[in-house]
Amino acid sequence: MSDELYDQIQAAAAVIRARHARRPRVALVLGSGLGQLAERFEDATRFDYHELPHFIRATVIGHQGRLVCGRLEGVEVVAMQGRNHGYEGYTQRQVTFPVRVMRALGAEILIVSNAAGGINPYYEQGDVVALDDHINMTFDNPLVGPNDERLGSRWPDMCQPYCPRLIALAQQAGRAADFPVHRGVYLAVRGPNYEPRAEYRFYRQIGADLVGMSTVPEVIVGVHAGMRVLGLSVVTNLCTPEALGKVTGAEVVAVAEKAANRLAAVVCSVLRNLEAA
Ligand code: HPA
């Protein structure tokens, strides 16, 4: 079975390389409402997920379901324009498969973005947060099952999943563009429902600043695969248990789309300054 995963990764990477020979340095996962950035790539090659072996289709709003290779700010990149989630019924192995493929293509840095609920009371709607740690409350793990040492170690260390130098670059980008880039802890749930008040209160008490339904499985795989990781959240709704309003998926996507220019500014600035990282 572990050979099977390795072979599947190689098969998908071969299809991509046959149409796009340049080696990416940075892999991007563009989350809910944040996919637009991939429209700005130069010399781009686009693959619908269904054209790629072993990829699963994106099924939810705000996620285009394309892998885009190209150049952004002079850096060779590969991006997932939309992702899959555990709540769609996929295993975390399936959900993180494209990260494995982007690594196999050569990417050494992983920038993961998402729309998230803001638990930290200092956050405002549309704020950008650089993740400095996470809590996995999905009760699952993408590394469950046989381990292939060619992909990473059986028991990967997780003492610092997010690269401090990349976080510093993200915060520097915010200062330069005059908007806050906070640092925070992202808590991942399986979803798909948004949380009741008692859960938001509980997550706040156990140290979360943000809550969302993605990202952590991809980060675990990125760390397992030896990548340096930057996680960026856009705060789409405020999860104040004492004054909780209704939230819908459409609103989350709409707020993320509005804040996408900030996220794009951070990513572009990080890419421009990569040598300092
Ligand atoms: N909870 C979980 N996931 C989310 C939220 C939330 O409040 N907002 C955006 N994604």
Side-chain angles (χ1 to χ4, degrees), residues 28-37 58-65 80-90 92 95-96 111-140 142 162 180-220 231-264 266:
L28 291 159
V29 183
L30 302 174
S32 303
L34 304 169
Q36 276 297 103
L37 187 57
T59 69
V60 296
I61 56 160
H63 293 264
Q64 288 96 329
M80 291 172 65
Q81 209 176 20
R83 58 151 67 85
N84 289 100
H85 308 79
Y87 64 72
E88 294 169 72
Y90 301 115
Q92 292 196 354
V95 165
T96 55
I111 302 181
V112 198
S113 65
N114 60 62
I119 292 180
N120 185 319
Y122 291 104
Y123 294 170
E124 292 177 18
Q125 251 189 349
D127 277 359
V128 176
V129 186
L131 310 191
D132 64 9
D133 212 340
H134 69 228
I135 299 171
N136 183 3
M137 288 282 283
T138 66
F139 302 103
D140 198 358
Y162 301 89
V181 173
H182 309 282
R183 294 173 68 128
V185 174
Y186 177 96
L187 182 145
V189 292
R190 187 161 192 224
N193 62 279
Y194 296 110
E195 290 70 17
R197 285 166 217 277
E199 289 183 14
Y200 285 134
R201 196 175 293 118
F202 171 54
Y203 296 154
R204 188 164 76 187
Q205 279 169 0
I206 64 172
D209 297 299
L210 300 150
V211 56
M213 305 175 197
S214 66
T215 300
V216 166
E218 295 147 1
V219 171
I220 291 172
L232 296 169
S233 290
V234 170
V235 176
T236 52
N237 52 298
L238 301 180
C239 311
T240 317
E242 297 75 16
L244 197 61
K246 283 199 178 189
V247 56
T248 66
E251 277 162 23
V252 164
V253 172
V255 176
E257 279 172 350
K258 262 175 107 178
N261 57 336
R262 285 186 170 188
L263 186 101
V266 172

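Ligands are counted one by one from 1 in listed order, and the atoms in each one are counted from 1 as well. If you're wondering where the values come from, they're calculated on a predicted model, not measured in any experiment. Residue numbers run from 1 in the order of the sequence given.
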| Ring center gap for His85 and Tyr90 short of 6.0 angstrom | no
| said: Could you tell me if Thr236 and Gln125 have a donor-acceptor pair between their side chains, going purely by distance under 3.5 Å? | reply: no
| task | Report yes or no: does Thr248 contribute a side-chain atom to a donor-acceptor pair with the main-chain N or O of Glu251 at less than 3.5 Å? | result | yes
| task | Any atoms of ligand 1 less than 4.0 Å from a non-hydrogen atom of Thr236? List them with their elements. | result | 8 (N), 9 (C)
| query | Could Glu257 and Arg262 be called an ion pair, given the rule that one side-chain N must be under 4.0 Å from one carboxylate O? | reply | no
| field | For atom 3 (N) of ligand 1, closest protein heavy-atom neighbour | value | Gly212 CA, 3.3 Å
| field | Close N or O approach (Tyr194, ligand 1; < 3.5 Å) | value | no
| field | Proximal atoms of ligand 1 relative to Tyr200 (non-hydrogen, under 4.0 Å) | value | 1 (N), 6 (C), 7 (O)
| message | Could you tell me, atom by atom, which parts of ligand 1 come under 4.0 Å of a heavy atom of Cys239? | response | 7 (O)
| query | Does some side-chain heavy atom of Leu232 sit less than 4.5 Å from a side-chain heavy atom of Val266? | reply | yes
| Those residues that, when tested against Glu199, pass side chain to side chain donor-acceptor pair (under 3.5 Å) (two or more places apart) | none
| query | Which protein heavy atom lies closest to atom 1 (N) of ligand 1, and at what distance to 0.1 Å? | reply | Glu195 OE1, 2.6 Å
| said: Looking only at protein heavy atoms, which one is nearest to atom 8 (N) of ligand 1, and what is the separation? | reply: Asn237 OD1, 2.7 Å
| task | Could you list the atoms of ligand 1 found under 4.0 angstrom from a heavy atom of Ala115? | result | 9 (C), 10 (N)
| Relative to the heavy atoms of Met213, which atoms of ligand 1 are at a distance of less than 4.0 Å? | 2 (C), 3 (N)
| request: Answer whether the closest heavy-atom distance between the side chains of Val247 and Val252 falls below 4.5 Å. | output: yes
| message | For ligand 1, which is the ligand I care about here, please tell me if Val189 has any N or O atom under 3.5 Å from one of the ligand's N or O atoms. | response | no
| note | Within the 4.0 Å heavy-atom cut-off, what Val247 brings close to ligand 1 is neither
| query | Is there side-chain contact between Val185 and Ile135, with heavy atoms separated by less than 4.5 Å? | reply | yes
| query | Numbering the atoms of ligand 1 from 1, which are under 4.0 Å from a heavy atom of Ala116? | reply | 8 (N), 9 (C), 10 (N)
